[in-house]
**Q** 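Handing you this structure, nothing more for now.
Treat the numbers as computed from the prediction; the structure is a model and nothing was measured. Only heavy atoms go into these numbers, but all of them, side chains included; no hydrogens, no water, no symmetry mates. Throughout, a chain's letter reflects where its sequence line sits, starting with A, and its residues are numbered from 1.
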Amino acid sequence: MIDLKLLQKDFETLSKKLMRKGVDAELIVQLKEKFEELKAAKTNFETLQAAQNAMSKEFGIYKREGKDISELKAKVDANKVKITEALEVQRIKQEELEQIAMAVPNMPDDDVPDGADEDDNIEIKKVLTPPTFPFTPKEHWELAEHNGWIDFERGVKLATSRFSVSFGMGARLERALVNFMLDFNRERGFEEVSVPALVNRRALEGTGQLPKFEDDLYKIDSQEMFLIPTAEVPVTNLYQDEILTEDALPKKMTAYTSCFRKEAGAAGRDTRGMIRQHQFHKVELVSISKPDESDTIFDEMVQCASDLLKALELPHRLVTLCTGDLGFSAAKTVDLEVWLPGQNTYREISSVSNTRDFQARRAKIRFKDGKKNTLVHTLNGSSLAVGRTMVAIMENFQNEDGSIDIPKVLHPYLGLH
RNA sequence: GGAGAGGUGGCUGAGUGGUUGAAAGCGGCGGUCUUGAAAACCGUUUUCCGGGCAACCGGAACGGGGGUUCGAAUCCCUCCCUCUCCGCCA
């Protein structure tokens, strides 16, 4: 959630920043008004309540001393009617404010480029040169089926479209990748954690998926539980409602989970192959830091994901997302796009975001900053999406006969020499 | 799934419907003492919101929500969670 106090302190700056992210100017004004209405309602209620508390204390004294209480009781009763009304007004204002505030996205950092969509993203740099082939490189689904690594039809049989099954070397490579990535991240100082794949509503509100994006999530109706769309949700929320000590920061964690997405708005896009699946595996990085450290840690996380791709010998590029492509919770995002020879293009394989205190405010994650409590900064990034890494390996390491070489760093994980 | 017990501050653990935001102990922090440390002693130690430059003032919070009452940690309802026993089970 954005800092509502900024509405009063510096409305101009705040609204300018939010409008860069496409938030309606009118909505921001409305938010400010609601916030002020709530404060007024609160003051009103608290004044009445203070009077009530004072009178109640008197009441106790009267009773002890055996005085006549009928007059006092009449006063107190009258005040109580007002309190009930004031409380109701406050409750409604609170609800209205929350409804708006929880649906307002984070403010982009000042250095995030303006833009409408992914076409306006700005390339930072390319890493490794895309390979050239003396033949026309195939797309991954063809290679996957040719080698018997992935079975798309049987995935559909078991579940529905956009589910797949890995067999043999395909399945083994997947597992090898997960292990390799976790080991790699651990060596970079990220502690491995293993977390639930189902979370409650509160957790998803904390990281920003709810209330706005419920349609994108798989929900277990009987229990009000949701399948996680990314490990970012359970890992970031590990410290929900906590006040961490300063020396416990930064927390740098890595987790492997399955991720589940309805891909509600993606009909017709990437329908073939395993670029866009309802269930996919991902190794995630999550950091919780003091505000002044988050930029450094952000760079570390981007570097970690890029180095991982480099170790896998996968050509890629780093891209700064423009305001229009930035996610709901992110103040800044760098995407890593891997080269896919079959598609002759770069495709997203990792996304690293700094949400600053946006998620921390929602999830109430703070640290003891000397005497006072300060919101932490939270960051997350994929490192990497396993399915898309498989795709990249298949397409970049393919031979003319359709066979696929295995990146050297994975050999130990597969018992190859 | 069945039966029972219970949820109070960083932890352990008291709590009679009325100055109880909450005894006591532990821990933490500050101090006295000490060459230093320990021990002992003294003091201090929850969080959120609103107002104020500040000292401070007001409100809220004893698992969540609701109710009874002038007044609820304390009584009632409901939901959630934890523990013990039984059953089932990777």
**Q** Under 30°, 30 to 60°, or over 60°: which ring-plane class applies to A/Tyr256 and A/His281, parallel, tilted or perpendicular?
**A**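 Ring orientation of A/Tyr256 relative to A/His281: tilted.
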**Q** How many whole angstroms separate atom CG of A/Asp241 from atom P of B/rC48?
**A**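 After rounding, the reported distance stands at 12 Å.
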**Q** Expressed in angstrom and rounded to an integer, what is the separation of A/Leu48 atom CG from B/rG71 atom C1'?
**A**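 Nearest whole value for this atom pair: 16 Å.
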**Q** From the options B/rU47, B/rG59, B/rG50, select the nucleotide whose nearest atom is closest to the side chain of A/Arg366.
**A**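 Of B/rU47, B/rG59, B/rG50, B/rU47 is nearest to the side chain of A/Arg366.
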**Q** Whom does B/rG36 pair with, Watson-Crick or G-U wobble, provided both distances fall under 3.5 Å?
**A**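 Matched B/rG36 with nothing under the 3.5 Å cut-off.
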**Q** Please work out if A/Asn373 contacts a base, only the sugar-phosphate, or nothing of the nucleic acid, heavy-atom cut-off 4.0 Å.
**A**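 Sugar-phosphate contact only.
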**Q** As a test of reading the structure: which of B/rG50, B/rC70, B/rA60 is closest to the side chain of A/Lys5, going by heavy atoms?
**A**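 In terms of side-chain proximity for A/Lys5, the closest of B/rG50, B/rC70, B/rA60 is B/rG50.
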**Q** Considering only B/rC70, B/rC49, B/rU47, which nucleotide approaches the side chain of A/Lys80 most closely?
**A**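 When the side chain of A/Lys80 is considered, B/rC70 is the closest of B/rC70, B/rC49, B/rU47.
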**Q** With rounding to whole Å, what would you report as the distance between B/rG2 and B/rU8 at their C1' atoms?
**A**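 Their C1' atoms lie roughly 30 Å apart.
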**Q** Considering only the C1' atoms, how many Å lie between B/rA73 and B/rG7, rounded to the nearest integer?
**A**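 12 Å, rounded to whole Å.
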**Q** Measure from the side chain of A/Asn53, starting at C-beta and using heavy atoms only, and say which of B/rG50, B/rC70, B/rA60 lies closest.
**A**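 When the side chain of A/Asn53 is considered, B/rA60 is the closest of B/rG50, B/rC70, B/rA60.
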**Q** Is there a side-chain polar atom (N or O) of A/Lys368 under 4.0 Å from OP1 or OP2 of B/rU47?
**A**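 Yes, such a contact exists.
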**Q** In terms of side-chain heavy atoms, does A/Glu95 have a donor or acceptor partner in A/Gln99 at a distance below 3.5 Å?
**A**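 Absent: no donor and acceptor within the cut-off.
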**Q** I need the NZ-P distance between A/Lys364 and B/rA61, as an integer number of Å.
**A**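 Result: 16 Å.
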**Q** Output the rounded distance in Å from CD (A/Gln52) to C1' (B/rG58).
**A**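 Taking CD of A/Gln52 and C1' of B/rG58, I get 15 Å after rounding.
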**Q** Taking for each residue the nucleotide of RNA chain B bearing the nearest heavy atom, is the 5' side occupied by A/Thr47 or by A/Lys39?
**A**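 In this pair, the answer is A/Lys39.
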**Q** By the 4.0 Å heavy-atom rule, please label A/Glu58 as base, sugar-phosphate, or nothing.
**A**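 Answer is nothing: A/Glu58 stays at 4.0 Å or more from every strand.
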**Q** Taking only the C1' atom of each, what is the distance from B/rC33 to B/rA39 in whole angstrom?
**A**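 It works out to 11 Å between them.
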**Q** Round to a whole Å and report the spacing from CD of A/Gln94 to P of B/rA61.
**A**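 It is 14 Å, rounded to the nearest whole Å.
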**Q** Less than 6.0 Å separating the ring centroids of A/Phe260 and A/Phe226?
**A**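 Ring-ring flag for A/Phe260/A/Phe226: false, centres at least 6.0 Å apart.
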**Q** Would you mind reading off the distance between A/Leu375 atom CG and B/rC49 atom C1', rounded to a whole angstrom?
**A**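 Between C1' of B/rC49 and CG of A/Leu375: 14 Å.
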**Q** Rounded to whole angstroms, how far apart are CZ on A/Arg91 and C1' on B/rC49?
**A**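 The distance from CZ of A/Arg91 to C1' of B/rC49 comes to 18 Å, rounded to the nearest Å.
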**Q** If we check salt bridge (Lys or Arg N to Asp or Glu O under 4.0 Å) with A/Lys332, which of these qualifies: A/Asp111, A/Asp325, A/Asp109?
**A**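 By the salt bridge (Lys or Arg N to Asp or Glu O under 4.0 Å) criterion, A/Lys332 pairs with just one of A/Asp111, A/Asp325, A/Asp109: A/Asp111.
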**Q** Base, sugar-phosphate, or nothing: which does A/Arg202 touch, judged by heavy atoms less than 4.0 Å apart?
**A**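 Counting heavy atoms under 4.0 Å across all strands, no contact is made by A/Arg202.
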**Q** Can you see whether A/Ser351 engages A/Asp335 through a side-chain donor-acceptor pair at a distance of less than 3.5 angstrom?
**A**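 Yes, a side-chain donor-acceptor pair sits under 3.5 Å.
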**Q** Any salt bridge between A/Lys219 and A/Glu224, counting N to O under 4.0 Å?
**A**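 Yes.
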**Q** Let's test your reading of the model: under 3.5 Å, does the base of B/rG59 pair with the side chain of A/Gln49 as donor and acceptor?
**A**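 Counting by modelled atom types and ignoring angles, no donor-acceptor contact under 3.5 Å is found here.
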**Q** Please state the C1' separation for the pair B/rU32 and B/rA38 - nearest whole angstrom.
**A**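 Roughly 15 Å separates the two C1' atoms.
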**Q** I want to verify a distance call: between B/rC70, B/rG59, B/rC49, whose nearest atom is closest to the A/Ala50 side chain?
**A**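 Nearest to the side chain of A/Ala50 among the choices is B/rG59.
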**Q** Rounding to a whole Å, what distance do you find between A/Ile83:CD1 and B/rG71:P?
**A**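 Taking atom P of B/rG71 as the reference, CD1 of A/Ile83 is at 8 Å.
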**Q** Determine, for nucleotides 18-23 of chain B in 5'-to-3' order, which nucleotides have protein heavy atoms under 4.0 Å from the base (write B), from only the sugar-phosphate (write S), or from neither (write -).
**A** B-----
**Q** Return the orientation label for the A/Phe163 and A/His278 ring planes: parallel under 30°, perpendicular over 60°, tilted otherwise.
**A**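 Ring orientation, 0 to 90° scale: tilted.
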**Q** Quick one: do the A/Lys282 and A/Thr230 side chains pair a donor with an acceptor below 3.5 Å?
**A**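 Indeed, the side chains of A/Lys282 and A/Thr230 share at least one donor-acceptor pair under 3.5 Å.
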